[in-house]
Amino acid sequence: MSTMGGLSQMKLAVNFLTIGLVILSLPCGSYTEIPPKPPGSVTVLPPVKPAGGPQAFPDAENSNLPVFTMDYARIQVPFEVTLWVLLASFAKIGFHVYHKITFWVPESCLLISIGLIVGAIMHSVHEEPPAVLSYNVFFLFMLPPIVLESGYFMPTRPFFENVGTVLWFAVVGTLWNSIGIGMSLYAVCQIEAFEVQDINLQENMLFAAIISAVDPVAVLSVFEDVSVNEQLYIVVFGECLFNDAVTVVLYNMFIFVADMPVVEPVDVFLGVARFFVVGLGGMGFGVIFGFVASFTTRFTSNVREIEPLFIFMYSYLAYLVAELFSISSIMAIVTCALTMKYYVEENVSQRSCTTIRHVVKMLGTISETLIFFFLGVVTITTEHEWNWGYIMFTLLLALVWRGLGVLVLTQIINPFRTIPFNFKDQFILGYGGLRGAISFALVFTLPDSIGRKKLFLTTTICMIMFTVFIQGISIRPLIEFINVRRTNRNLETINVEIHSRLIEHTIAGVEDLCGQWSHYYWKDNSKDDMEEVTSAANNRMSLVVYFLSFQHCI
């Protein structure tokens, strides 16, 4: 038995030895001779390992924990936007260190210049700016703070004194400029030498609506410095604000019309009806949300820290709901700000009022600064389409139609004004029609279906550069040269304020008795709390009765 086991183990050992000798006798690369390649044969390449895909025999990777990693693509857009905001903020600080710079050159010019420098640097290193200014980003995030700031800080009493003139220039003036410039540019496009026959009437009207958006930020700062009369200041301020609302309505309407092959007469009628529905609907939403915000802040006395939040949320909610129903969101947020401004400030604490004012101003300044800064960057880094004939005629027609519009509309409205505009005021109104952030953002967010989008972008940038740099810088010397009417702020003493307020209350009481509510009534009630309106009206009635009785006795 033991002999059989020994034989089996010996046979197993012999078999293993035989297998080992066979393996060692196999040809190795270092000892065998490579056979010659037959002529005309196909060369078989070694298999290529798929990049990033699964491998049959993966290479051994280093599994050690990395000490330092960097993922710039993940944070590129917010990082660069933050750097832009910081750079623009540092530039604004530098502008005001030496006061004479901003005295003669508007901030918008300086911000565009900084943007041009940054754009030149990015273009020299072949770096493209991130696409942060899209249609949704502008209309949902950048435009609301700009409009909210303008509406919240609008002087309410002068506005209600001149509300008719403001709406006249904002609505009728914008329609005048859009229709006049659009029809004139369409006539220019029929000239074969300019090679722009492919731009139809709808696209010319769309472009005319874009460049009709007035943005006189530089003009308003000059008006404040030189103390221009209050009527001229509030008309320019209000026209700028409501002009943006009308422009955006026309922009959205012409975007839809531009894709239509044929415009029927019924489409024109529907467009006019939509214009009024969109504007009045936006005002209605703004008033509703403004009163809701005013009512909500009456119950925040125990939670003062969230009072500013209601102001921003209700304003933004009015804007978003208006966008939801495709009505004028700018009108919604402006009327919301005008409605809740004084009522809310009566309900919230003084610290909340200060916080609201500073945050609203900060958000509006950041948005407008970014747009001007981005304008300078895009001017250098974006591909342009140059057509000097179309560009020069656009500049000329914009100046001509603006001047004619101011002359014609002023002659119509002057007989209804207590203090009519003279020729100097009309000249400043016409010359102060600067284009800026709104025009650039609208043309930059045009859909790609517009064939000459690059030409429209180039023309708009030329228009902004001309108006901001030439007209914006020269507006101060012109105001001082022609000696526009000024406001003497030193006369606003306590005695003047008391008697002015007394006369305004008296006139408002007379309007109450006559049953005709004019701008004195709305101006007088715009600064009173809801609970004080009735008592104020009764006081005015008693005051008027007293004066009438006194006159009868005499």
Side-chain angles (χ1 to χ4, degrees), residues 91-92 94-96 98-117 169 173 177 181 211-241 243-244 368-369 371-373 375-376 379 388 391-407 409-410 421-440 458-487:
K92 290 173 74 70
F95 300 157
H96 291 278
Y98 190 63
H99 180 65
K100 289 187 177 181
I101 297 179
T102 56
F103 183 81
W104 294 108
V105 182
E107 280 191 12
S108 53
C109 299
L110 300 173
L111 290 173
I112 293 175
S113 303
I114 298 297
L116 291 172
I117 296 173
F169 279 103
N177 290 323
I181 296 174
I211 62 175
S212 297
V214 197
D215 188 16
V217 178
V219 177
L220 291 178
S221 63
V222 173
F223 283 2
E224 292 179 354
D225 292 341
V226 300
S227 301
V228 171
N229 63 87
E230 194 175 55
Q231 289 78 20
L232 185 61
Y233 177 87
I234 197 62
V235 168
V236 174
F237 192 108
E239 182 198 3
C240 164
L241 183 58
N243 167 269
D244 293 342
E368 196 159 16
T369 298
I371 294 177
F372 276 118
F373 189 79
L375 187 152
T379 302
W388 288 108
I391 293 173
M392 297 305 294
F393 267 100
T394 301
L395 293 174
L396 177 63
L397 292 173
L399 291 174
V400 170
W401 282 101
R402 172 75 182 180
L404 288 176
V406 170
L407 289 175
L409 297 179
T410 305
F421 291 117
N422 56 27
F423 181 75
K424 296 178 181 180
D425 297 334
Q426 297 175 38
F427 176 78
I428 296 301
L429 281 173
Y431 194 79
L434 277 65
R435 274 67 174 179
I438 304 297
S439 296
F440 168 72
T458 304
T459 308
T460 305
I461 291 177
C462 293
M463 169 74 70
I464 295 172
M465 295 295 182
F466 177 81
T467 55
V468 171
F469 280 89
I470 304 300
Q471 296 178 218
I473 294 177
S474 60
I475 190 71
R476 181 188 295 271
L478 283 174
I479 290 176
E480 296 178 350
F481 177 75
I482 65 178
N483 194 19
V484 179
R485 289 180 300 176
R486 311 293 178 90
T487 297

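Just so you know, these numbers come straight off a predicted model, no measurement behind them.
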Specify the closest pair of heavy atoms between [X] and [Y], including all atoms of both residues, with the distance to one decimal.
X	Y	value
Val214	Gly433	CG1-CA, 3.5 Å
Met463	Ala398	CE-CB, 3.3 Å
Gln426	Phe421	NE2-O, 3.3 Å
Leu434	Val468	CD2-CA, 4.1 Å
Pro106	Ile473	CD-CG1, 3.8 Å
Arg485	Asn422	NE-ND2, 3.7 Å

So do [Y] and [X] actually touch side chain to side chain, heavy atoms under 4.5 Å?
X	Y	answer
Ile428	Ile475	yes
Phe427	Leu478	yes
Asp425	Thr410	no
Phe481	Ser474	no

Separation of [Y] [atom2] from [X] [atom1] (nearest 0.5 Å):
X	Y	atom1	atom2	answer
Ile391	Phe466	CD1	CZ	13.5 Å
Leu397	Leu404	CG	CG	10.5 Å
Cys240	Ile438	SG	CD1	8.0 Å
Leu375	Leu116	CG	CG	8.0 Å
Ile234	Asn229	CD1	CG	11.5 Å
Trp388	Thr458	CH2	OG1	9.5 Å

Under the 3.5 angstrom rule, does the side chain of [X] hit a backbone N or O of [Y] as a donor-acceptor pair?
X	Y	value
Asn243	Ser212	yes
Gln471	Tyr431	yes
Ser439	Ala213	yes

Go through the steps to decide whether Met465 and Ile112 satisfy the test side chain to side chain contact (heavy atoms under 4.5 Å, CB included), and finish with yes or no. CA-CA 9 Å; Met465 295 295 182; Ile112 293 175; 3.4 Å; yes

